[in-house]
**Q** 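Here it is, the structure in full.
Note that the numbering runs from 1 along the sequence shown for the chain.
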Amino acid sequence: MLLRRLAASALRRGGANDGGVLAAVRAEIAHELSSSTPSSPPSLQSQDIPDFATVSDPPRGQEVLLRRRDASEEVLVSAVLEPLRFEGEEPLPRDALMKVFVSKPDLKPVMRFDCRAFADEGDGSSADYDVTAACYHPFAGDAGEDKYEGPEFRDLDPRLQVALKGYLVARGVNSKLASSLHHHLVEKERWQYMNWLKTLEDMFSSH
């Protein structure tokens with residue numbers, strides 16, 4: 001999606017009443033349709049997130065929340081796309097930011113891992129992810145900024161870094177899950193953008 005292109009196009013095109021906004025919006029809709037933008041809100045399929053269930057994935061929301069739970073522990077995964085960044089007028093590929101919480105019944109603390117799932121490089125391979133932080137909280141939601149949360153993940157012994165990622169992989173937080181979440185978030189935002197464009201079209205065509 002090229003928001004800056006849309007704005008620039010609106011400025012270049014003349015228009016009797018809207019300064020060319022309607023024409024620019026329709027051009028952007030045509031561009032999105034040419035790139036197979038989903039016509040309905042995409043949904044995560046069970047084969048894409050094995051062993052996890054979707055807790056929350058509102059069509060107009062930005063966050064996805066998944067859960068994996070058995071008698072011994074619960075794993076929660078939340079994911080959003082990182083903020084949009086540009087290089088010149090072109091948007092850069094966006095990674096997915098994940099938070100993984102691992103807790104055990106009647107046992108504290110709660111482990112939290114911050115992760116970054118890389119944008120697909122277009123070669124058909126699954127997106128991998130890096131762990132960027134690991135810490136624990138006495139209970140879920142207790143993440144005060146004034147509390148010591150451990151060293152920077154990159155400063156940990158490399159063997160511990162590998163072991164902690166292996167801990168997540170053993171709980172289903174693997175490259176397949178990261179790739180599925182990243183793809184889903186990108187497709188959902190494309191649908192949201194198309195829906196936004198069509199709303200603009202309706203608004204300006206009624207004037």
**Q** Examine Tyr136 and Leu160 and state if one hydrophobic cluster contains both, with Ile, Leu, Val, Met, Phe, Trp and Tyr joined whenever side-chain heavy atoms are less than 4.5 Å apart.
**A**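 Result: yes, single cluster for both.
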
**Q** Do Val131 and Val162 sit in the same hydrophobic cluster, where Ile, Leu, Val, Met, Phe, Trp and Tyr count as joined when their side-chain heavy atoms come under 4.5 Å apart?
**A**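 Val131 does not cluster with Val162.
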
**Q** What verdict does the side chain to side chain contact (heavy atoms under 4.5 Å, CB included) test give for Tyr167 and Val102, after you've listed the backbone C-alpha separation in whole Å, the side-chain angles of each residue and the deciding distance to 0.1 Å?
**A** CA-CA 10 Å; Tyr167 177 84; Val102 182; 3.4 Å; yes

**Q** Minimum heavy-atom separation for Thr132 to Phe153, with atom names?
**A**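 Looking at all heavy atoms of both residues, the shortest contact is O-CB, 3.3 Å.
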
**Q** Search all heavy atoms of Arg94 against all heavy atoms of His182 and return the closest pair with its distance.
**A**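 In terms of heavy atoms, the two residues are closest at O-NE2, 2.5 Å.
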
**Q** Could you go through residues 57-66 and list every donor-acceptor pair under 3.5 Å that involves a side-chain atom there, pairing it with any protein atom two or more places apart or in another chain?
**A**
{"unit_1": "Asp57", "atom_1": "OD1", "unit_2": "His184", "atom_2": "NE2", "d": "3.4"}
{"unit_1": "Asp57", "atom_1": "OD1", "unit_2": "Lys188", "atom_2": "NZ", "d": "2.7"}
{"unit_1": "Asp57", "atom_1": "OD2", "unit_2": "His184", "atom_2": "NE2", "d": "2.7"}

**Q** What verdict does the side chain to side chain contact (heavy atoms under 4.5 Å, CB included) test give for Glu201 and Leu22, after you've listed the backbone C-alpha separation in whole Å, the side-chain angles of each residue and the deciding distance to 0.1 Å?
**A** CA-CA 6 Å; Glu201 182 185 31; Leu22 182 58; 4.0 Å; yes

**Q** Would you indicate whether the side-chain heavy atoms of Lys165 and Cys115 approach each other to under 4.5 Å?
**A**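 The answer is no; the side chains never approach within 4.5 Å.
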
**Q** Starting at CG of Asp157, measure out to CG of Leu164 and round the result to the nearest 0.5 Å.
**A**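 Nearest 0.5 Å value for the CG-CG distance: 10.5 Å.
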
**Q** Determine whether more than 12 heavy atoms belonging to other residues, nucleotides or ligands lie under 6.0 Å from atom CD of Gln47.
**A**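 Count over threshold, so yes.
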
**Q** Any side-chain heavy atom of Ile49 within less than 4.5 Å of one from Thr54?
**A**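 Yes, side chains in contact.
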
**Q** Would you please say whether a donor-acceptor pair under 3.5 Å links the side chains of Gln45 and Ser43?
**A**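 Yes, Ser43 and Gln45 have a side-chain donor paired with an acceptor closer than 3.5 Å.
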
**Q** Distance from Glu28 atom CD to Met194 atom CE, nearest 0.5 Å?
**A**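 Between atom CD of Glu28 and atom CE of Met194 there are 8.5 Å.
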
**Q** Quick one, Phe52 and Leu44 - any side-chain contact, counting heavy atoms below 4.5 Å?
**A**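 Contact flag for Phe52/Leu44 side chains = no.
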
**Q** Less than 3.5 Å apart, which donor and acceptor atoms pair up between the side chains of residues 71-80 and the rest of the protein, not counting sequence neighbours?
**A**
{"unit_1": "Ser72", "atom_1": "OG", "unit_2": "Asp70", "atom_2": "OD1", "d": "2.9"}
{"unit_1": "Glu73", "atom_1": "OE1", "unit_2": "Lys104", "atom_2": "NZ", "d": "2.9"}
{"unit_1": "Glu73", "atom_1": "OE1", "unit_2": "Arg171", "atom_2": "NE", "d": "3.2"}
{"unit_1": "Glu73", "atom_1": "OE2", "unit_2": "Arg171", "atom_2": "NE", "d": "2.9"}
{"unit_1": "Glu74", "atom_1": "OE2", "unit_2": "Arg67", "atom_2": "NE", "d": "3.1"}
{"unit_1": "Glu74", "atom_1": "OE2", "unit_2": "Arg69", "atom_2": "NH1", "d": "3.2"}

**Q** Quick check: is Trp196 connected to Phe204 through a chain of hydrophobic side chains (ILVMFWY, heavy atoms under 4.5 Å apart)?
**A**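 Yes, same cluster.
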
**Q** Hey, what do you get for CG (Asn174) to CG (Asp128), rounding to the nearest 0.5 Å?
**A**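 The CG atom of Asn174 sits 9.5 Å away from the CG atom of Asp128.
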
**Q** Hey, are the side chains of Leu177 and Tyr129 touching, using non-hydrogen atoms and a 4.5 Å cut-off?
**A**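 No, their side chains stay 4.5 Å or more apart.
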
**Q** Provide the closest heavy-atom pair for Ser180 versus Asp48 in the form atom of the first, atom of the second, distance.
**A**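 The answer is OG-O, 3.0 Å.
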
**Q** Show the nearest heavy-atom pair for residues Pro42 and Trp191, with the distance to one decimal.
**A**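 So the two residues come closest at CD-CB, 4.1 Å.
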
**Q** Can you check whether Phe113 reaches Leu168 side chain to side chain, under 4.5 Å on heavy atoms?
**A**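 They are in contact (side-chain heavy atoms under 4.5 Å apart), so the answer is yes.
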
**Q** Looking at Arg190 and Glu187, is any side-chain nitrogen of the basic one under 4.0 Å from a carboxylate oxygen of the acidic one?
**A**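 Looking at Glu187 and Arg190, the cut-off is met.
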
**Q** Looking at side-chain heavy atoms only, is the closest gap between Leu97 and Arg116 below 4.5 Å?
**A**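 They are in contact (side-chain heavy atoms under 4.5 Å apart), so the answer is yes.
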
**Q** Could you pull out all residues at least two apart from Glu152 that satisfy salt bridge (charged side-chain N to carboxylate O under 4.0 Å, His left out)?
**A**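 Partners of Glu152 under the salt bridge (charged side-chain N to carboxylate O under 4.0 Å, His left out) test: Arg154.
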
**Q** Measuring from atom CG of Leu197 to atom CG of Asp202, what distance do you get when rounded to the nearest 0.5 angstrom?
**A**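 Answer rounded to 0.5 Å: 11.0 Å.
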
**Q** So which heavy atom on Gln161 is nearest to which on Asp155, and how close?
**A**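 Here Gln161 and Asp155 meet closest at NE2-N, 4.5 Å.
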
